[in-house]
Q: 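Sharing a structure with you now.
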Amino acid sequence: MNVLKELNEAQVAAAKVIEGPIMVIAGAGSGKTKVLTHRIAHLIENGIDPFNILSLTFTNKAAQEMKGRISSMVGEDLSRNIWMGTFHSIFARILRIEHEKIGYPSNFTIYDTQDSKSVIKAIVKEKNLDDKLYKPSIVYNRISAAKNSLIDPESYQNNIEITSTDKATGRPEIGDIYMSYHQRCFRASAMDFDDLLFKTNVLLKQNPEVLYKYQDKFKYILVDEYQDTNHAQYLIVKALAARFENICVVGDDAQSIYSFRGANIQNILNFRRDYPDYQLFKLEQNYRSTKNIVEAANSIIRVNKEQIKKSVWTANNEGSKIKVFKSYSDNEEGKTISNDIFEKTQNEKFAFNEFAILYRTNAQSRSFEEALRKLNLPYKIYGGLSFYQRKEIKDLLAYFRLSANLNDEESLKRSINYPRRGIGQTTINKALVCANQHETSLWNVLCDPQRFEFLINSGTKSKLDLFTSTILNYNSRIDKTNAYELAHEIAKNTGLLKELSSDRTPEGIVRFENIQELLNGIQEFTKQTEESKLITLADFLVDVALLTDADNEKEDDRNKVSLMTIHAAKGLEFPNVYIVGMEEDLFPSQMSKNSRNELEEERRLFYVALTRAKVNACLSYAISRFKWGNLIQCEPSRFLEEIDPAYLDYKKYTKKTFSNIHKKKTNVDNVLRNKFSKPLPHLKKVQNIKQTTSYNNKEEILKINVGDDVLHDRFGKGKVIELNGEFPNTKATVFFPSAGQKQLLLKFAKLQLI
DNA sequence: TGCCCGGGTGTTTTT
DNA sequence: CACCCGGGCA
């Protein structure tokens with residue numbers, strides 16, 4: 001089979017080169033992923049060993065998708081051996097293999113942003129610095145930027161430019177905090193996200209034999225989304241590719257949207273310098289969108305000064321113009337968009353998953369959630385607080401992490417007194433002082449108080465002993481026991497499950513369910529590979545910090561409207577795209593108004609948003625919106641003026657159409673209730689539950705009895721099987737033919753007697 | 001040590 | 001508006 005036969009001329013040209021450095025500048029929707037996957041398949045068909053291929057992507061999801069596509073072309077047996085993943089996950093893997101060379105244990109913990117900030121916060125406090133000036137996020141960003149430029153704590157303090165900037169902003173101690181932070185992480189056998197790249201650079205630089213080994217292994221390297229690589233990533237790629245120079249990078253400068261976290265478009269320009277005999281390919285034909293959308297997007301990006309010249313075009317239909325909606329408030333914007341979605345599903349037979357609502361900030365999702373929920377339209381929110389960042393999940397993971405790495409200080413602090421076991425802040429603080437004095441880990445101090453002059457009374461001592469011996473027990477089994485078995489035991493024996501199950505508030509129930517979901521996930525994880533192989537909790541923990549929600553996609557999430565930030569939408573496409581909150585200070589964000597560069601990045605972001613659309617694009621703005629509890633007036637975004645008006649269709653949005661929509665709503669509800677009797681799965685976000693606090697009144701609740709037929713606005717008709725608990729916390733077990741058995745709190749579930 | 005209340009503060013975007 | 005944190009009190 002010729003894997004290149006499905007490609008166009010430009011795509012074939014880029015995919016068929018086997019040797020040498022090549023750069024592919026790929027316009028939006030031009031089949032960039034297709035070129036990458038077919039190129040890899042082509043390499044394999046030409047006898048290149050999959051073990052010699054390294055393919056770096058921006059997200060885990062992209063990696064999985066590519067792997068799937070390649071496997072369907074060359075077969076799973078071959079494709080499974082390709083190293084494909086994000087920079088972070090691939091190099092975490094390598095660091096675990098080569099851990100000795102950098103003085104870390106192989107089971108090091110990966111600190112997520114929360115963990116890192118918490119470490120910083122503790123340091124700021126210890127040093128008695130002003131915590132309003134040294135905010136964790138500011139300090140974290142400074143340290144992160146330094147690490148991405150490969151500046152270690154010493155170089156930081158010796159770098160006049162950096163230190164004078166810190167002095168100028170009134171924060172001369174950041175270098176000092178960086179030093180402590182660095183030591184603290186090391187002591188905890190932990191690395192933050194940036195360390196994964198930083199230490200990989202150190203590893204490859206200081207160990208020529210290791211570099212040689214991986215150069216030899218990764219003879220063919222591919223990098224997707226090259227425009228969004230940062231300096232640390234650039235150097236890793238450069239080092240690995242130095243020997244064979246079989247490197248293929250794919251990107252689009254017009255879609256560079258991550259400079260705020262160190263991404264550097266210069267990397268594209270450096271490529272020419274580093275590989276003077278490189279071949280350049282441009283993919284300019286867009287296969288995704290209508291002419292209108294492509295042209296409108298071109299008219300936007302043209303405003304930017306800095307860009308590589310290319311002309312994206314399409315042979316697709318003209319399509320309809322881009323609709324512009326004006327609303328009076330953020331809530332009305334939600335209704336407007338939801339109604340438009342509903343109409344399209346009715347009149348044009350679009351499925352729910354053919355819609356996306358894209359916004360600049362996560363906070364904007366609320367009004368759309370509410371409006372969609374009212375119309376009974378199923379939706380899924382991507383991003384926001386990820387599953388793995390939820391408090392209850394982190395609480396349980398802390399026990400796992402601590403059991404795997406006893407030095408993990410963040411996990412220790414988190415788990416030692418939750419659930420309560422009488423080891424309070426005072427005790428911890430005392431122990432921390434000892435740990436700092438003796439330059440050892442908190443864990444060591446707790447295990448051997450005498451040795452580290454940690455003075456405690458016998459009561460506390462016995463509580464500590466109980467805790468440490470429990471953890472030691474888990475620790476001894478972490479790589480010998482089935483992951484689910486141990487995870488479940490930990491959840492149960494530490495009292496965490498009990499603690500959560502005793503909380504009968506709706507939020508508490510969601511938390512309990514989340515824990516169950518995590519345990520189920522672990523159980524699934526143990527089954528994914530060959531049957532006989534023992535999968536341990538240590539295996540599960542290896543890259544749990546690098547997982548995101550996108551890796552968690554559920555079957556029942558398939559036919560839903562997608563809500564996400566534009567950043568999260570990168571690389572995706574939808575027939576119908578709504579870009580909402582098109583207002584000055586929101587999009588473009590007010591933070592970006594300081595410099596031309598930042599404003600151009602916002603414009604690229606808008607370009608990315610618009611080019612996600614295949615058939616219909618829609619822009620929306622509100623003239624007023626709630627911000628921090630205050631209603632503020634908004635100006636339409638300058639981007640609306642920048643688009644060539646020839647591609648726009650300004651919807652007149654009068655009172656009349658508004659009331660029509662309202663009249664329709666009742667209708668909508670009924671139609672939908674019959675048509676989609678499937679349950680709308682409960683929201684994952686804990687906050688969402690809280691917002692619906694309109695309780696049912698007492699009489700209504702007391703009227704309901706076992707055996708009654710009731711109507712629920714999500715699950716439809718059902719029968720009450722059981723009632724438990726006293727008013728107002730009466731809980732009903734209801735059987736819904738369409739949704740199965742559900743436990744509902746009567747004060748929240750608006751059940752109607754039939 | 002734990003709980004409750006009040007004030008202060010914050011929203012870009014993410015591996 | 002919501003959340004987080006710290007102070008004060010039991």
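Note that the structure is predicted; figures quoted are calculated from it, not measured. Residue numbering restarts at 1 for every chain, and letters A, B, ... go by the order of the sequence lines.
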Q: Please report, rounded to the nearest Å, how far the P atom of B/dT11 is from the OH atom of A/Y359.
A: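 Result: 17 Å.
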Q: Hey, does A/K121 reach any base, or is it just sugar-phosphate, or nothing, if we go heavy atoms under 4.0 Å?
A: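 Answer is sugar-phosphate: A/K121 comes under 4.0 Å of backbone atoms only.
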Q: Measuring from the side chain of A/F193 (C-beta onward, heavy atoms only), which nucleotide among B/dT11, B/dT14, B/dT15 has the closest atom?
A: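 Selected nucleotide (nearest to the side chain): B/dT15.
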Q: Does the structure show A/F260 stacking with B/dT13, if we require the centres to be closer than 5.5 Å and the planes to be within less than 30 degrees of parallel?
A: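 Yes, aromatic ring over the base.
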Q: Is the A/Y258-A/F58 ring centre distance short of 6.0 angstrom?
A: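 Aromatic pair counts; centres sit under 6.0 Å.
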Q: In this structure, how many angstroms lie between the C1' atom of B/dT14 and the CZ atom of A/F58, rounded?
A: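 To the nearest whole Å, that distance equals 7 Å.
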Q: Whether A/T427 contacts B/dT1 is assessed here as follows: a side-chain N or O lying under 4.0 Å from the phosphate OP1 or OP2. Is that the case?
A: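 For B/dT1, OP1/OP2 do have a side-chain N/O of A/T427 under 4.0 Å.
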Q: Whole Å only: how far is the CZ atom of A/R366 from the P atom of B/dG10?
A: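 Between P of B/dG10 and CZ of A/R366: 21 Å.
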Q: Could you tell me whether A/K380 sits above the aromatic face of A/Y382, with NZ or CZ closer than 6.0 angstrom to the six-membered ring centre and within 45 degrees of the axis?
A: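 Judged by the rule (NZ or CZ under 6.0 Å from the ring centre, within 45° of its axis), A/K380 counts as positioned above A/Y382.
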Q: Is the A/F574-A/F355 ring centre distance short of 6.0 angstrom?
A: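 No, they do not, as the ring centres are separated by 6.0 Å or more.
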Q: When you measure from every atom of DNA chain B, which of residues 222-237 of chain A have a heavy atom less than 4.0 Å away?
A: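 Heavy-atom contacts with DNA chain B come from no residue of residues 222-237 of chain A; none.
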Q: Taking the same atom, C1', in C/dG6 and in B/dT11, what whole-Å distance lies between them?
A: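 Between the two C1' atoms, the distance is 23 Å.
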Q: Can you measure A/R261 atom CZ to B/dT15 atom P for me and round it to whole angstrom units?
A: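 Going from A/R261 (CZ) to B/dT15 (P), I get 6 Å.
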Q: How long is the line joining OH of A/Y388 and P of B/dT14, in whole Å?
A: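 For the pair A/Y388 OH and B/dT14 P, the rounded distance is 17 Å.
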Q: Looking at every non-hydrogen atom in both residues, tell me the closest pair between A/P449 and A/K461 and how far apart they are.
A: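 So the two residues come closest at CG-CD, 4.1 Å.
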Q: Would you say A/T565 places a side-chain N or O within less than 4.0 Å of OP1 or OP2 belonging to B/dT14?
A: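 Checking B/dT14 against A/T565, a side-chain N or O does come within under 4.0 Å of OP1 or OP2.
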Q: Phosphate oxygens OP1/OP2 of B/dT11: is one of them under 4.0 Å from a side-chain N or O of A/N362?
A: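 Result: no.
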Q: Using whole Å, what does the distance between atom C1' of nucleotide B/dT11 and atom CD of A/Q364 come to?
A: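 Result: 10 Å.
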Q: Assign each of A/S589 and A/T86 to its nearest nucleotide of DNA chain B by heavy atoms, then name whichever residue's nucleotide is nearer the 5' end.
A: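 The 5'-side residue here is A/S589.
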Q: Quick one: A/Q114 CD to B/dT14 C1', roughly how many Å, whole number?
A: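 After rounding, the reported distance stands at 13 Å.
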Q: Between A/D194 and A/T426, which has a closest nucleotide on DNA chain B that is more 5'?
A: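 Final value for this comparison: A/T426.
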Q: For a 4.5 angstrom cut-off between non-hydrogen side-chain atoms, does A/K67 reach A/M84?
A: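 A/K67 reaches A/M84 side chain to side chain.
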Q: Please list, chain by chain and in numerical order, all residues satisfying side-chain contact (heavy atoms from CB on, under 4.5 Å) with A/A569, sequence neighbours excluded.
A: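 By the side-chain contact (heavy atoms from CB on, under 4.5 Å) rule, A/A569 matches A/L358, A/M564, A/R612.
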Q: Hey, does A/S144 reach any base, or is it just sugar-phosphate, or nothing, if we go heavy atoms under 4.0 Å?
A: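 Since no nucleic acid heavy atom lies under 4.0 Å of A/S144, the category is nothing.
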Q: Take A/E333 and A/F368 through the test side chain to side chain contact (heavy atoms under 4.5 Å, CB included) and record every step on the way to the result.
A: CA-CA 8 Å; A/E333 184 184 37; A/F368 299 97; 3.6 Å; yes
Q: Take nucleotides 2-9 of chain B nucleotide by nucleotide from the 5' end and write B, S or -, depending on whether a protein heavy atom sits under 4.0 Å from the base, only from the sugar-phosphate, or from neither.
A: SS-----S
Q: From the set B/dT11, B/dT13, B/dT15, return the single nucleotide nearest to any side-chain atom of A/H567.
A: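 Selected nucleotide (nearest to the side chain): B/dT13.
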Q: Kindly say whether A/L464 contributes a backbone atom to a donor-acceptor pair with the side chain of A/T468 at under 3.5 angstrom?
A: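 Flag set: sc A/T468 to bb A/L464 pair under 3.5 Å.
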Q: Suppose we call two aromatic rings close when their centres sit under 6.0 Å apart. Are A/F260 and A/H567 close by that rule?
A: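 That pair passes the under 6.0 Å test.
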Q: What contact category does A/T113 fall into here, base, sugar-phosphate, or nothing, at under 4.0 angstrom with non-hydrogen atoms?
A: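 Counting heavy atoms under 4.0 Å across all strands, the contact made by A/T113 includes a base.
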Q: If you look at every strand shown and take non-hydrogen atoms under 4.0 Å, does A/F87 touch a base, only sugar-phosphate, or nothing?
A: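 Result for A/F87 = nothing.
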Q: Provide, to the nearest angstrom, the distance between the CD1 atom belonging to A/I632 and the P atom belonging to B/dG10.
A: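 Answer to the nearest Å: 17 Å.
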Q: Is there side-chain contact between A/Q255 and A/Y607, with heavy atoms separated by less than 4.5 Å?
A: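 Yes. Closest side-chain heavy atoms under 4.5 Å.
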Q: For side chain to side chain contact (heavy atoms under 4.5 Å, CB included), just list the numbers for A/L541 and A/R401, CA-CA rounded to whole Å, side-chain angles, deciding distance to a tenth of an Å, and then say yes or no.
A: CA-CA 7 Å; A/L541 286 176; A/R401 277 170 43 171; 4.2 Å; yes
